[in-house]
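None of the values given here were measured: they were computed from a predicted structure. Per chain, numbering begins at 1; letters A, B, ... match sequence-line order.
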Amino acid sequence: MSARRGTTPSQTIGPFHRIMVPWEGAAELVAPGDPDAIRIEGRILDGAGQPVDDSVVEIWQANVHGRYAHVEDTREVPLVAGFDGFGRAITDGDGRFTIVTVKPGCVPGNGDTVQAPHMSLSVFARGLLKHLVTRIYFPDEAAANENDPVLLSIEDVGRRETLVAVRQEGEGTPPVYEFDIHLQGARETVFFDV
Amino acid sequence: MNHSIGYKREEPAEQPPYLHPEYRSTALRAPERPLVPLPHTLSEITGPVYGHEKVGPLDHDLTRQHDGEPLGERIIVFGRVMDTDGRPLPDALMEIWQANSAGRYRHEIDNHPAPLDPNFSGGGRCVTDAEGRYRFVSIKPAAYPWGNDANAWRPAHIHFSLFGAAFATRLITQMYFPGDPLLAVDPIFNSIPDAAARERLVCRLDLDHTEPEWALAYEFDIVLRGRNATPLEG
């Protein structure tokens with residue numbers, strides 16, 4: 001067997017990523033008028049509570065049925081035409097990002113476990129030499145969250161709630177889930193070693 | 001079905017830490033608590049996969065995106081994308097972006113008093129071929145000051161972004177040029193503890209791929225994490 005090649009190290013995305021070739025509609029995985037649409041709104045805040053206004057947030061998620069649009073997901077669960085599960089948003093001057101998508105279904109965990117509906121998030125920014133990885137879970141999935149193997153693996157029970165979005169009150173459509181990301185401090189978001 | 005077939009973990013010395021005090025912006029942005037280990041589940045071994053559908057005909061040639069040619073030293077940047085086992089990554093989208101030949105980004109917050117070039121935007125895309133090979137045409141970017149201290153200058157670099165085959169293989173990095181004296185004093189480059197790993201970010205002048213009377217060529221291979229050796233059938 002040939003020797004292992006070393007991986008290419010990560011480097012920061014830096015502050016000038018807006019000159020990348022733009023992704024049309026990358027922050028809207030579905031149209032805002034889609035009956036299943038939800039809106040994820042959040043802010044990214046640094047250790048001084050200041051907005052991180054130059055970051056890129058990417059999400060990866062399964063569709064409403066819990067199926068990933070990827071060759072590794074070979075289960076007989078329906079795909080949804082036009083839904084690829086990837087989104088990208090850039091934070092504004094208030095550190096705010098918005099993504100319009102759908103709430104994913106449950107997906108299998110390892111072994112016999114089931115993972116609660118969740119989205120995988122990557123955060124890239126100046127000052128982050130490697131991107132940060134976290135997950136968004138949903139407050140209206142309490143039973144599923146209680147059995148989610150990843151949430152249960154977080155030993156500091158009090159920190160698990162940093163991964164659960166907050167449903168905004170109101171009649172607006174689509175429904176809004178707030179998910180703030182604290183890079184440091186008492187409310188530091190749980191970040192994963194992937 | 002068993003989804004425990006993950007990707008190999010990174011060697012810590014081959015990746016930068018989050019907190020690197022010499023790079024001042026890490027101080028308020030690096031998490032203070034240890035990361036929580038995440039087993040690779042179906043959510044991590046799947047990921048966004050894009051190919052040719054995202055790439056326009058001139059996206060790979062940053063010298064042909066305007067009416068005229070950009071100023072600067074024309075370069076070809078090429079290489080292979082593979083995993084740690086040497087397996088090529090075919091048909092994969094790559095994104096790049098860079099400063100112009102005066103060290104200025106076409107970006108509203110870049111106030112470095114160096115000239116913009118009306119013929120250079122600085123963003124590109126391409127797709128790897130069946131053997132994982134890619135090729136960009138551009139101009140060589142220049143060094144620029146970046147405010148990390150009173151006299152801090154980034155070595156010339158090109159940003160690269162790749163998805164790989166899965167959420168777990170996502171990579172954004174920077175490619176540097178050989179012999180750049182600023183590499184020795186750059187806190188971002190030197191944040192990587194392992195010297196051999198740092199050198200993997202430095203491209204190599206390749207006269208064999210240089211096009212005579214037209215452009216120098218630099219080779220830059222990119223290695224993403226490989227799969228764990230033995231898939232378990234559940």
**Study point:** Closest-packed option against chain A by number of heavy-atom pairs under 4.5 Å, given Arg106(B), Glu44(B), Arg33(B)
**Key:** Arg33(B)
Review point. Using the ring of each side chain (for Trp, its six-membered ring), is Trp23(A) parallel, tilted or perpendicular to Tyr50(B), with breaks at 30° and 60°?
Key: perpendicular
Exercise for review: Side chain from CB out, backbone as N, CA, C, O: work out which of these in Gln61(A) comes under 4.5 Å of a heavy atom of chain B, or both, or neither.
Suggested key: neither
Practice item. Examine whether an atom of Val21(A) lies under 4.5 Å from a heavy atom of chain B, and if so say whether it belongs to the side chain, the backbone or both; otherwise answer neither. Key: both
**Study point:** Enclosure of Glu53(B) CD (heavy-atom neighbours >12, cutoff 6.0 Å)
**Key:** yes
Review point. Based on non-hydrogen pairs under 4.5 Å, which of Asp221(B), Ile172(B), Ile109(B) is most in contact with chain A?
Key: Ile172(B)
Exercise for review: Side chain from CB out, backbone as N, CA, C, O: work out which of these in Glu95(B) comes under 4.5 Å of a heavy atom of chain A, or both, or neither.
Suggested key: side chain
**Study point:** Stepwise salt bridge (Lys or Arg N to Asp or Glu O under 4.0 Å) check, Asp92(A) with Arg96(A)
**Key:** CA-CA 5 Å; Asp92(A) 67 14; Arg96(A) 187 171 292 281; 5.3 Å; no
Review point. Can we call the ring centroids of His112(B) and Tyr144(B) under 6.0 Å apart?
Key: no
Check your understanding: Which bit of Ile44(A) comes within less than 4.5 Å of chain B, counting heavy atoms only: side chain, backbone, both or neither?
Key -> neither
Practice item. Enter the distance from Asn63(A):CG to Leu29(A):CG here, rounded to the nearest 0.5 Å. Key: 11.0 Å
Study note, to complete from the structure: Most heavy-atom pairs under 4.5 Å with chain B, out of Val71(A), Ile154(A), Asp54(A), belong to Asp54(A)
**Study point:** Structural part of Gln65(B) lying under 4.5 Å from a heavy atom of chain A
**Key:** neither
Practice item. Under 4.5 Å heavy-atom distance to chain A, tell me which part of Glu14(B) shows up: side chain, backbone, both or neither. Key: both
Practice item. Select one option (side chain, backbone, both, neither) describing which atoms of Ala165(B) are under 4.5 Å from chain A's heavy atoms. Key: backbone
Point to revise | Approximate separation, where rounding is to 0.5 Å, of Asn100(B) CG and Ile139(B) CD1 | key: 6.0 Å
Review point. Checking salt bridge (Lys or Arg N to Asp or Glu O under 4.0 Å) for the pair Glu10(B)/Lys130(A): CA distance, chi angles, key distance, verdict?
Key: CA-CA 12 Å; Glu10(B) 295 282 4; Lys130(A) 294 179 288 192; over 6 Å; no
Review point. Atom CD of Gln50(A) and atom CG of Asp94(A): how far apart are they, to the nearest 0.5 Å?
Key: 11.0 Å
Point to revise | Heavy-atom side-chain contact between Asn228(B) and Lys8(B) under 4.5 Å | key: yes
Revision key, fill the gap. Turns out that what part of Phe163(B) lies under 4.5 Å from chain A's heavy atoms comes down to side chain
Review point. Is any NZ, NE, NH1 or NH2 atom of the basic residue among Asp36(A) and Lys103(A) found under 4.0 Å from an Asp or Glu carboxylate oxygen of the other?
Key: no
Exercise for review: Under 4.5 Å heavy-atom distance to chain B, tell me which part of His182(A) shows up: side chain, backbone, both or neither.
Suggested key: neither
Practice item. Examine the side chains of Ser25(B) and Arg126(A) and answer whether a donor and an acceptor come within less than 3.5 Å of each other. Key: yes
Practice item. Check whether Asp194(B) gets within reach of chain A through its side chain, its backbone, both or neither, counting any heavy atom under 4.5 Å. Key: neither
Review point. Are Tyr68(A) and Trp60(A) an aromatic pair by the rule of ring centers under 6.0 Å?
Key: yes
Check your understanding: Where on Arg9(B) is there a heavy atom nearer than 4.5 Å to chain A: the side chain, the backbone, both, or neither?
Key -> side chain
**Study point:** Heavy-atom contact with chain A under 4.5 Å, split by part of Ser121(B)
**Key:** backbone
Revision key, fill the gap. Bottom line for Pro22(A): the part with an atom under 4.5 Å from chain B's heavy atoms is backbone
Review point. Of the listed residues (Val194(A), Thr189(A), Asp156(A)), which shares the most heavy-atom pairs with chain B below a 4.5 Å separation?
Key: Val194(A)
Check your understanding: Under 4.5 Å between any side-chain heavy atoms of Leu182(B) and Tyr176(B), yes or no?
Key -> no
Revision key, fill the gap. Heaviest contributor of heavy-atom pairs below 4.5 Å to chain B, chosen from Val52(A), Ile19(A), Leu183(A), Val190(A), is Ile19(A)
**Study point:** Interface residue of largest heavy-atom contact number with chain A, from Leu224(B), Asp59(B), Asp110(B), under 4.5 Å
**Key:** Asp110(B)
Review point. What part of Leu121(A) lies closer than 4.5 angstrom to a heavy atom of chain B: side chain, backbone, both or neither?
Key: backbone
Point to revise | Proximity breakdown for Ala196(B) and chain A, heavy-atom pairs closer than 4.5 Å | key: neither
Check your understanding: Strictly under 6.0 Å, is that where the ring centroids of Tyr23(B) and Trp146(B) end up?
Key -> yes
Review point. How about Ser191(B) and Arg198(B): does a side-chain donor come under 3.5 Å of a side-chain acceptor?
Key: no
Review point. Side chain, backbone, both or neither: which part of Phe124(A) has a heavy atom under 4.5 Å from chain B?
Key: side chain
Revision key, fill the gap. Among Val49(B), Leu201(B), Ile96(B), Ile222(B), the residue with the most heavy-atom pairs under 4.5 Å to chain A is Leu201(B)
Exercise for review: Would you mind telling me which of Pro9(A), Ser10(A), Ala48(A), Ala69(A) has the largest number of heavy-atom pairs within less than 4.5 Å of chain B?
Suggested key: Pro9(A)
Review point. Who wins among Asp112(A), Val150(A), Thr113(A), Asp84(A) for the most heavy-atom pairs under 4.5 Å with chain B?
Key: Asp84(A)
Exercise for review: Considering only heavy atoms and a distance below 4.5 Å, find which of His157(B), Arg125(B), Arg225(B) pairs most often with chain A.
Suggested key: Arg125(B)
